[in-house]
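Each chain gets a letter, A, B and so on, in the order its sequence line appears, and its residues count up from 1.
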Number of protein chains: 2
Amino acid sequence: MVFSTANGSAPLYTQIQNLLITRIIKGEWSPTEIIPSEIQFARELGVSQGTIRKAITGLVERKILIRRHGKGTFVASHDNDRALFQFFRIHNKKNIKALPESKTLTFIQRSASAAEADKLHLPKKARVFFIERIRSLDDQPIIIESITLPDHLFKGLKDIHLLNTLYNLYETEFSIAVHRAEESLRAISASKHDAAQLNLTEGAPLLEIERLALTLDNEPIELRISRCTTEKHHYWNTLY
Amino acid sequence: MVFSTANGSAPLYTQIQNLLITRIIKGEWSPTEIIPSEIQFARELGVSQGTIRKAITGLVERKILIRRHGKGTFVASHDNDRALFQFFRIHNKKNIKALPESKTLTFIQRSASAAEADKLHLPKKARVFFIERIRSLDDQPIIIESITLPDHLFKGLKDIHLLNTLYNLYETEFSIAVHRAEESLRAISASKHDAAQLNLTEGAPLLEIERLALTLDNEPIELRISRCTTEKHHYWNTLY
DNA sequence: TAGTGGTCTAGACCACGAC
DNA sequence: TCGTGGTCTAGACCACTAC
């Protein structure tokens, strides 16, 4: 048995969860890839299938793994569904969401601001990619969004890449899997620039969403600031 | 066996979950009260303890029940912790929350507006309680909040009641348990009234949170509109 | 048909809390 | 000490997917 059973040690299934997470972080299996079956794991680790099931169930709940009945267990990935249902919270009046269209305004490399470096855990003035884009819902420009990415993680990123869903792009082209995102929301006044892009008057109230995307390893890899007009849309959340 | 095992029927643990939910809704056990032990349930329902455990685990995850090791399983309640950690999302710059102080400005009964009646599933112009209050964080007025309650559910509600945490009050005084809340967030401009109460200039951007609180039975029981200045605070959310 | 995850059982043993 | 929930096992059988 590879696990500690000493008095006071964590339960087996917790140790197995940590083992799985470590192996996923090491890249032993990538998003969308299948992991060994429960029975194989049970044999490999010398525990019962029930214990493996319990460990995997926890990771499924944390959206680290996905089970498919009859097929196997897979590392979670940012497909369009996840982008839309887990990570996009802007709804229209009927409380329906639609994947927005995006138009890139700016795509440059520059030095990180002090705030960006701080939030992305980068050295002062580290190089970053900076992207600005407009997102439209129902053919109306609703969101102006600025995205900052550490350039050492995204070597070779090109303007053309930005057509895809970003988190899917990070995964497939740069082997960076976003696991969770932390958002803080504020109300601000539209700048002249914001207002021009969103067809509003300067000073109009905008919902500002600052999002930091993190990997399973808790490394911040994207800072995204979205400013949204909420005349016809809103940010939706459910509390339990 | 009281359960269906016909081909195509839901799993036992799902049927047991539904049974438990039904019995909680009927009021067989109230928030904070203990429910029978797993072994008792297993005997009563003629299934194994493992199946009961699986059913209860699901309800614990949905925050309908709470387990206490060595003590028993209890119906979830809105204590201060839950109010603060699950249902209050306003943080300060250090990303710390503090339970706000409240000062009541208005406490009246009146007819519901069309929007209120619609959202609370009430007949047109049904009578409601309407409360307006200011909430302060760190001694600063931050939030102006208006609350609408169907008066038939809150018979005898008095101004004096409002000193408590509201969801706890609903539970203990009116036997109404809030299970979840749906929020929609927008940016708006402060009205003259808002601005005066929050020491702001008219037109300042405010974060407006419209919250509908629902019971386990999916009945809406409170409509709450909070307008927050986000100069020194923000709304915090994590996505997975 | 073979392999996967999904359900359910019966039972042993552990850890916590109240008495 | 007793009753509670918590962990872990071994095994039966079901349901879905692919071949």
How close or far is atom [atom2] of [N] from atom [atom1] of [X], stated in whole angstroms?
X       : N     : atom1 : atom2 : result
A:Ile39 : D:dT9 : CD1   : C1'   : 15 Å
B:Ile66 : D:dG6 : CD1   : P     : 12 Å
B:Arg43 : D:dG3 : CZ    : C1'   : 11 Å
A:Lys54 : D:dT9 : NZ    : P     : 12 Å
A:Gln49 : C:dT4 : CD    : P     : 10 Å
B:Ile35 : D:dG3 : CD1   : P     : 19 Å
A:Gln15 : D:dT7 : CD    : C1'   : 12 Å
B:Leu65 : D:dG5 : CG    : P     : 11 Å

Can you list the steps and then say if A:Glu182 with A:Arg180 is a salt bridge (charged side-chain N to carboxylate O under 4.0 Å, His left out)?
CA-CA 7 Å; A:Glu182 298 176 346; A:Arg180 70 174 207 278; 2.9 Å; yes
I'd like to know whether the aromatic ring centres of B:Tyr170 and B:His78 sit less than 6.0 Å apart in this structure.
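Between B:Tyr170 and B:His78, the centre distance exceeds or equals 6.0 Å.
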For B:His69 and C:dA15, are the ring centres under 5.5 Å apart with planes inclined under 30°?
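One would call B:His69 stacked on the C:dA15 base.
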Quick check for you: among [options], whose closest atom lies nearest to any side-chain atom of [X]?
X       : options               : value
B:Glu38 : D:dC8, D:dG5, C:dC8   : D:dG5
A:Tyr13 : D:dT4, D:dC8, C:dG5   : D:dC8
A:Ser37 : D:dT7, D:dC8, C:dG5   : C:dG5
B:Arg53 : D:dA10, C:dC8, D:dT7  : D:dT7
A:Arg67 : D:dC8, C:dA10, C:dG6  : C:dG6
A:Lys71 : C:dA10, C:dT4, D:dA18 : D:dA18

For C:dT9, does either OP1 or OP2 sit under 4.0 Å from a side-chain N or O belonging to B:Thr51?
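Yes.
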Distance test, side-chain N/O of A:Thr73 to OP1/OP2 of C:dG5, below 4.0 Å
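Yes, because at least one side-chain N or O of A:Thr73 sits under 4.0 Å from OP1 or OP2 of C:dG5.
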For A:Arg23, does the CZ atom have more than 12 heavy-atom neighbours from other residues, nucleotides or ligands under 6.0 Å away?
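More than 12 heavy atoms, drawn from other residues, nucleotides or ligands, come within 6.0 Å of this atom.
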Taking the cut-offs as 6.0 angstrom to the six-membered ring centre and 45 degrees off its axis, would you call A:Lys63 and B:Tyr240 a cation-pi pair?
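No, cation not above the ring by the 6.0 Å, 45° rule.
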Pick the nucleotide of DNA chain D nearest each of A:Gly70 and B:Ile56; which residue has the one closer to the 5' end?
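Comparing both residues, the 5'-ward one is B:Ile56.
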Hey, what's the ring geometry for A:Phe129 with A:Phe107, parallel, tilted or perpendicular (30° and 60° as the breaks)?
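Judged by the thresholds at 30° and 60°, the geometry between A:Phe129 and A:Phe107 is parallel.
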